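Notes to accompany the following structure.
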Amino acid sequence: MERRQQILAAAAELFAARGFHGVSVGDVGAACGISGPALYRHFASKDAMLAEMLVSISEELLDVGRARASTASTPVDALAALVRWHIDFALHNQALIVVQDRDWSSLPDQARERVRALQREYVELWVVSLCQVHPALDAAHGRTMAHAAFGLINSTPHSTFLEEPAMATLLEEMAAGALGLA
């Protein structure tokens, strides 16, 4: 893992555990085995770390979601692929989900707007699939269903009581039911 990614991973864990404002640059540096001032070679500020962290996860969700949906052979397969992708992401990025939920207001304005734009595109990817699977569905209902599925899946930082394979299976079954795939 390159140093920049190591710093972001350590910062995510610390921010999730103690909140953005409860973590100093020195804390992040110590978690990475470098001095706090050495972090400034990689990031202009702690705000810049948070911005890159949340923008990059939003870009990843969208990019991988698009790729998985576009290679599916049917609308049902595309929606199922999106569900599986989001579950995989949520199970492996729990700290980032906590950080986004709790520290959203600490995100610099420009980064917040970028994250919002990426998230809207990601939601619309789901809406297109949902409307193809359920032709009578309008976009507003599709958006509501997508957000409900995200809420279910993104609850993993607070509800992961099972081993990962069992948790993934349970989330997939529940999301499939909620989205009318069952």
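Basis for what follows: all heavy atoms, side chains included, without hydrogens, waters or symmetry-related copies. Here the structure is a predicted model, which is why all the values come from computation and not from measurement. Start at 1 with the first residue, then count along the sequence.
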Let me check something: any side-chain donor-acceptor pairs from residues 167-181 under 3.5 Å, sequence neighbours excluded? List them with distances.
from : atom 1 : to   : atom 2 : distance (Å)
T169 : OG1    : P165 : O      : 3.0

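Not one N or O on the side chain of S155 forms a donor-acceptor pair closer than 3.5 Å with the backbone of H158. Between the side chain of D47 and the main chain of P108, no donor-acceptor pair closer than 3.5 Å is present. Under a 3.5 Å cut-off, the side chain of R102 and the backbone N or O of F15 do form a donor-acceptor pair. Put simply, the side chain of K46 gets close to the backbone of F20: a donor and an acceptor are under 3.5 Å apart. Judged by distance alone, with hydrogens and angles left aside, the side-chain atoms of N93 form a donor-acceptor pair with the main-chain N or O of F89 at under 3.5 Å.
Across A51 and A111, no two heavy atoms sit closer than the pair CB-CB, 3.6 Å. Summarising the geometry of V23 relative to G19, their closest heavy-atom pair is CG2-O, 3.3 Å, with the distance given to 0.1 Å. In terms of heavy-atom proximity, Q94 sits nearest to A90 at CG-O, 3.2 Å.
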Evaluate the criterion side chain to side chain donor-acceptor pair (under 3.5 Å) for residue pair Q119 and R116; output intermediate values, then yes/no. CA-CA 5 Å; Q119 289 176 342; R116 278 189 182 132; over 6 Å; no
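L82 and V133 fall within a single hydrophobic cluster, where Ile, Leu, Val, Met, Phe, Trp and Tyr side chains are chained together by heavy-atom contacts under 4.5 Å. There is a path of hydrophobic side-chain contacts, each under 4.5 Å, that joins I153 to V127. V98 and I7 are members of different hydrophobic clusters when ILVMFWY side chains are connected at heavy-atom separations under 4.5 Å. The cluster map of Ile, Leu, Val, Met, Phe, Trp and Tyr, joined by side-chain heavy atoms under 4.5 Å apart, puts L61 and I57 in the same cluster. Side-chain heavy atoms closer than 4.5 Å link hydrophobic residues (I, L, V, M, F, W, Y) into clusters, and following such links, possibly through other members, connects L79 to L137.
Taking E60 as the reference, nothing meets the salt bridge (Lys or Arg N to Asp or Glu O under 4.0 Å) condition, with sequence neighbours excluded. Taking R68 as the reference, nothing meets the salt bridge (Lys or Arg N to Asp or Glu O under 4.0 Å) condition, with sequence neighbours excluded. Residues that satisfy the salt bridge (Lys or Arg N to Asp or Glu O under 4.0 Å) test with E124, not counting sequence neighbours, are R143. The ring pair (Phe, Tyr, Trp, His ring centres under 6.0 Å) search around H147 returns F150, not counting sequence neighbours. When the side-chain hydrogen bond (donor to acceptor under 3.5 Å, both in side chains) test is applied to S106, the partners found at least two apart in sequence or on another chain are H21.
For R4 and F43, the positive end sits near the middle of the six-membered ring, less than 6.0 Å away and at most 45° from its axis.
Using cut-offs of 30° and 60° on the angle between ring planes, the pair Y122 and H86 is parallel.
Counting non-hydrogen atoms of neighbouring residues, nucleotides and ligands closer than 6.0 angstrom, the NE2 atom of H141 reaches no more than 12 such neighbours.
In this structure, CG in L14 is found 8.0 Å from SG in C32, a value given to the nearest 0.5 Å. Distance CG/L62 to CG/L118: 6.0 Å, rounded to 0.5 Å.
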